[in-house]
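Following: one structure in structure tokens, then a few remarks.
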Amino acid sequence: MSAAGNALVSRPSVERSRAERLPWLHRRTPLVKIAATLPAIIAMFVVRDALSPAVLILLCGAAIASGARMTARGTLLLILGVPAVVAVLSVTLGVWVDPNVAGETASATPLLAALGLDGTATIFELAGRPFTVAAWATGLGTALRLVAIVLLSLVGGIATAGDDFVRSLVQHLRVPYRFGYAAMAAFRFVPRFQSELEVIRAARRVRGIDRGRGLLAWVRSQLDVAIPLLAGALRHADRVALSMDARAFGFAPTRTERHVLRTDAADWALMPIAWAATAAALLAPSILG
């Protein structure tokens, strides 16, 4: 690889995404994406109608599909999986609703009126308890809000690297670097543990160590793997601590940044656009009557 290529790889993910012209969500700084979706997430804990979260779900789905680098399988899962999850949650949450008061809830009444449904109609009975249309509508409203919160979180996190998120906290929110970069080092333990676990399991297979089948055998095999994995974790933690100490980590109140995350005009434009879309989604029930 050339020197220019090496320099590009060492940059933060945001800068690499801008240089490689990846989809637009990858090119935005982490805190901007979080600030753009945070008002909508907070609003989902307050609203009681079903239309606002449904509109936000559509907007988030469009943003993820157009702004994140996804495979065809991931796109298909997004298109088909979200309606399936909403359908399942609307039933599983609706069965816990009291059918006597479900028709009077703030989320069920407008939805039933819009669909022209009778809230007292029984869909099925479970253990002698009727599951009414009003209970389903109440569960549907709750399911839509939960799915909207998940998708709003994905908009801010699906195209965000952990390293960039920590750098953004330290550089833009002035979080002490002792906490930020210590957390970054801890996050990097996870892929290392995964690779060490694969090596340990491969070594056990080469030696022909087999605990048999069944739940008890599986528990024993996990305990056998945990001991060498814990020893490797302690060795790695010791090396990381020595490395940070050799670099005088935590000695000074501030530290020179190797990589600086810069916001551009598109970052500043994203927040008002997202907030305007959130306001339009929240006002949609009033606008549509």
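Hydrogens, waters and symmetry mates are skipped; everything else that's a heavy atom, side chains included, is used.
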Report all side-chain donor-acceptor pairs from residues 226-246 shorter than 3.5 Å, counting only partners two or more places apart or in another chain.
from: His236; atom 1: ND1; to: Arg192; atom 2: NE; distance (Å): 3.0
from: Ser243; atom 1: OG; to: Arg247; atom 2: NH1; distance (Å): 2.3

Residues in side chain to side chain donor-acceptor pair (under 3.5 Å) contact with Tyr181, at least two apart in sequence or another chain:
Glu257

Are Val85 and Val82 linked, directly or through other ILVMFWY residues, by side chains that come within less than 4.5 angstrom of each other?
yes

Quick note, ring-ring contact (aromatic ring centres under 6.0 Å, His included) partners involving residues 13-58, not counting sequence neighbours, are none

Separation of Met184 CE from Asp163 CG (nearest 0.5 Å):
4.5 Å

Linked, directly or transitively: Leu140 and Val147 (ILVMFWY side chains, under 4.5 Å):
yes

Compare every heavy atom of Ser90 with every heavy atom of Ala143, then report the nearest pair and how far apart it is.
CB-N, 3.8 Å

Distance from Arg167 atom CZ to Leu261 atom CG, nearest 0.5 Å?
6.5 Å

Side-chain heavy atoms nearer than 4.5 Å, only ILVMFWY residues, links allowed to pass through others: does that put Trp96 and Val91 together?
yes

Enter the distance from Ser52:OG to Ile57:CD1 here, rounded to the nearest 0.5 Å.
11.0 Å

Do the side chains of Leu38 and Leu31 join up, straight or via other hydrophobic residues, at under 4.5 Å, putting them in one cluster?
no

For Val199, the side-chain contact (heavy atoms from CB on, under 4.5 Å) test, sequence neighbours excluded, returns none

What's the spacing between Asp264 CG and Asp267 CG if we round to 0.5 Å?
4.5 Å

Under 3.5 Å, side-chain donor or acceptor atoms of residues 268-283 against the rest of the protein: list the pairs with distances, not counting sequence neighbours.
from: Trp268; atom 1: NE1; to: Thr263; atom 2: OG1; distance (Å): 3.4
from: Trp275; atom 1: NE1; to: Ala35; atom 2: O; distance (Å): 3.0
from: Thr278; atom 1: OG1; to: Ala274; atom 2: O; distance (Å): 2.9

Distance (rounded to the nearest 0.5 Å) between Leu146 CG and Leu93 CG
6.5 Å

Here the pair of heavy atoms bringing Gly141 nearest to Ala50 is CA-CB, 4.3 Å

Would you name the heavy atoms of Pro23 and Gly67 that are closest together and state the gap between them?
CB-O, 3.0 Å

Around Phe189, counting heavy atoms of other residues, nucleotides and ligands shown, do more than 12 lie under 6.0 Å from its CZ?
yes

Given side chains that start at C-beta, do those of Ile64 and Leu78 come closer than 4.5 Å, heavy atoms only?
yes

State, with a plain yes or no, whether a side-chain heavy atom of Thr75 is found less than 4.5 Å away from one of Thr71.
no

d(Arg27 CZ, Leu25 CG) to nearest 0.5 Å is 9.5 Å

Leu169 and His172, any side-chain heavy atoms less than 4.5 Å apart:
no

Tell me, yes or no, whether the heavy-atom count around Arg178 atom CZ, taken from other residues, nucleotides or ligands under 6.0 Å, exceeds 12.
yes

Can I get a per-line list of side-chain donor-acceptor pairs under 3.5 Å for residues 149-162, giving both atom names and the distance, sequence neighbours left out?
from: Ser153; atom 1: OG; to: Ile149; atom 2: O; distance (Å): 2.9
from: Thr160; atom 1: OG1; to: Lys33; atom 2: NZ; distance (Å): 2.8
from: Thr160; atom 1: OG1; to: Gly156; atom 2: O; distance (Å): 2.8

